[in-house]
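Here's the structure we're looking at; comments come further down.
All residue numbers in this chain count up from 1 along the given sequence.
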Amino acid sequence: MLQLEHISHQYGPLRAVDDLSLRVGPGEVVCLIGPSGCGKSTVLRVAAGLERLQAGRVVISGQVMADAATDVPPESRGVGLVFQDYALFPHLNVLDNVAFGLRGRGAERAQRARAVLEQVGVAEYAASYPHVLSGGQQQRVALARALAPRPRVMLLDEPFSGLDARLRDQVRDSTLHVLKDSGAACLLVTHDPDEAMFMADRIAVMRAGRMVQVGSPVDLYCRPVDGFVARFFGEINALPGRIAGGTAATPFGLVPSRLPEGSAVEVLIRPEALRLSPVNGAERAASAARVMAARMLGRSSLVHLAVPGPDGKPLHVHARVPGRAPPAENSLVTIQLDLEQSFVFPA
Ligand code: ADP
Ligand code: MG
């Protein structure tokens, strides 16, 4: 439905987007994620036609919207836009804001606008002006306005970042259902990995203008292509190592790797990959880890551990354990490693 092909974009000498390709299917929600300044908003603006295409091609529903010879204006591309600041018209009431971009007779436009306001749950504010609405209500009106013309493509740039944390969860949830119901191809920009995991059918990770990895949330979390992606999706323990006999040695056991023999590597281990069991007899105490601190975080607990390192110096690692009863501070534990959540990359 939305195809971005080999898009590059420069601001003067700065290359903000570098040969980026991405497809979003009908009814699919794809989150474009990456650190601030990596080029996400530029990609969205090029797709919308707000930024003139410099290189590559934008295709929507098989129709070329922009290439070397074509530049369809934003209002004719069939895209709905939602920005972080919502950009509602302050002098129009909610109903007129939503009806603004609709074609047809007044009564039909008002009927469609009312139906979409109903769908996003703010119909009761139809006659109100934007300034009297809360942030969450304004976000819903902006969403309704973008959806009202039944766009084939929805482009959303950090649409929840103006909301406080508790409201954000709620608005994300309702937005996801509304987007899914619309059947549009949705490209949503965010810098928040939790938001991407929550919203996305697929996630596209950008770094410095380039696409690093595209895949399902499970792909990115469990099969990251490099240390940048692995770190982006959650805290991680990093241990230095070297490949010997097709494995990297860690204090918790050997992690297999196809990297060249003798090469320096870093082993990245998610905190939930460390399984702890209490040490009973004193005989195993020499290789055991000591619990430095344990903090209940809600559904899980974070355990800070001092582990005997290869050179005798203790290593500090974090383990995440389910439930509210982590091992006691100063107790000794043995650690088993879940290889599924351990990754080896070149150092
Ligand atoms: P993101 O949305 O990922 O934070 P942007 O696409 O907004 O990134 O910006 C990418 C890079 O391009 C940044 O370095 C930013 O400063 C620069 N940039 C963005 N817009 C402009 C502009 N209009 N003129 C010059 N530089 C810009
Ligand atoms: Mg941005």
Side-chain angles (χ1 to χ4, degrees), residues 1-2 4 22-34 40-41 43-44 47-48 60 78-88 94 97-98 112-125 133-206 213-222 232-234 298-299:
M1 261 272 173
L2 171 66
L4 304 175
L22 181 64
R23 277 164 181 257
V24 186
E28 191 182 28
V29 177
V30 173
C31 284
L32 186 58
I33 190 169
K40 308 179 294 295
S41 294
V43 171
L44 218 69
I60 293 177
V79 300
L81 300 170
V82 181
F83 298 105
Q84 180 180 346
D85 60 6
Y86 316 135
L88 299 175
V94 164
N97 258 282
V98 175
R112 171 68 184 152
R114 210 161 263 132
V116 189
L117 286 171
E118 196 81 53
Q119 197 192 348
V120 303
V122 288
E124 66 208 270
Y125 300 103
L133 304 183
S134 70
Q137 290 159 346
Q138 289 187 33
Q139 196 273 352
R140 282 166 207 230
V141 175
L143 186 63
R145 185 178 61 180
L147 286 167
R150 298 192 169 85
R152 294 170 293 189
V153 172
M154 281 287 284
L155 302 171
L156 307 98
D157 195 349
E158 311 257 6
F160 311 114
S161 52
L163 307 174
D164 64 62
R166 199 129 49 89
L167 186 61
R168 194 154 54 216
D169 289 347
Q170 203 184 322
V171 175
R172 265 181 200 154
D173 184 57
S174 62
T175 301
L176 177 61
H177 300 310
V178 170
L179 289 177
K180 278 294 191 184
D181 282 346
S182 78
C186 302
L187 184 58
L188 187 152
V189 163
T190 175
H191 62 270
D192 178 347
D194 291 332
E195 183 164 297
M197 295 281 227
F198 181 85
M199 296 292 291
D201 297 306
R202 284 187 304 137
I203 298 175
V205 184
M206 273 183 86
Q213 187 173 6
V214 184
S216 67
V218 175
D219 282 337
L220 297 198
Y221 198 77
C222 300
F232 203 81
F233 285 92
R299 273 159 289 181

Test log, rule side chain to side chain contact (heavy atoms under 4.5 Å, CB included), inputs L156 and L143: CA-CA 9 Å; L156 307 98; L143 186 63; 4.1 Å; yes
CA sep, side-chain torsions, deciding dist, call: D194, R172, salt bridge (Lys or Arg N to Asp or Glu O under 4.0 Å): CA-CA 11 Å; D194 291 332; R172 265 181 200 154; over 6 Å; no
Stepwise side chain to side chain contact (heavy atoms under 4.5 Å, CB included) check, L187 with L32: CA-CA 7 Å; L187 184 58; L32 186 58; 4.2 Å; yes
Side chain to side chain contact (heavy atoms under 4.5 Å, CB included) assessment of Q139 paired with T175: CA-CA 9 Å; Q139 196 273 352; T175 301; 3.8 Å; yes
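Note that CG of L179 is 5.5 Å distant from CE of M199, once rounded to the nearest 0.5 Å. Note that CD of E124 and CG of L117 are 10.5 Å apart. Values are rounded to the nearest 0.5 Å. I203 contributes atom CD1, which lies 10.5 Å from atom CD of E195 (distance to the nearest 0.5 angstrom). We find the CG-CZ distance between L4 and R23 to be 10.5 Å, quoted to the nearest 0.5 Å.
For the pair A87 and R145, the tightest heavy-atom approach, listed with the atom from each and the gap, is O-NH2, 2.9 Å. Nearest approach of L220 to G215, heavy atoms of both residues: CD2-N, 4.1 Å. F233 and V205 get closest at one heavy-atom pair: CE1-CG2, 3.9 Å. Between L2 and L155 the shortest heavy-atom distance is CD2-CD2, 4.2 Å. Across P217 and A200, no two heavy atoms sit closer than the pair CG-O, 3.7 Å. Nearest approach of V171 to G136, heavy atoms of both residues: CG2-CA, 4.3 Å.
Between P193 and I33, some side-chain heavy-atom pair lies under the 4.5 Å cut-off. With a 4.5 Å cut-off on side-chain heavy atoms, C31 and L188 count as touching. Contact annotation: the side chain of L176 approaches that of V29 to within less than 4.5 Å [non-hydrogen atoms, C-beta and beyond]. Side-chain contact check for Y125 versus R140: every heavy-atom pair is 4.5 Å or farther apart.
In terms of modelled atom types and a separation under 3.5 Å, the side chain of D219 and the main chain of S216 share a donor-acceptor contact. In this structure, the side chain of Q138 engages the main chain of L133 through a donor-acceptor pair within 3.5 Å. Although no hydrogens or angles enter the test, the distance criterion places a donor-acceptor pair under 3.5 Å between the side chain of K40 and the main chain of G34. Judged purely by atom type and a 3.5 angstrom limit, R168 uses its side chain to pair as donor or acceptor with the backbone of L163. Counting only distance, with no hydrogens or angles, the side chain of R202 and the backbone of E28 share no donor-acceptor pair below 3.5 Å.
Judged as a side-chain contact (heavy atoms from CB on, under 4.5 Å), and not counting sequence neighbours, the contacts of R152 are M1, I60, S61, Q63, M65. Under the rule for a side-chain contact (heavy atoms from CB on, under 4.5 Å), the partners of E118 that lie at least two apart in sequence or sit in another chain are A123. The ring pair (Phe, Tyr, Trp, His ring centres under 6.0 Å) check on F160 picks up nothing, with sequence neighbours excluded. Residues passing the side-chain contact (heavy atoms from CB on, under 4.5 Å) test with S161, sequence neighbours excluded: Q84, E158. Remark: A115 engages no residue in a side-chain contact (heavy atoms from CB on, under 4.5 Å) (not counting sequence neighbours).
Among residues at least two apart or in separate chains, side-chain hydrogen bond (donor to acceptor under 3.5 Å, both in side chains) pairs with a member in residues 179-188 are K180-D201.
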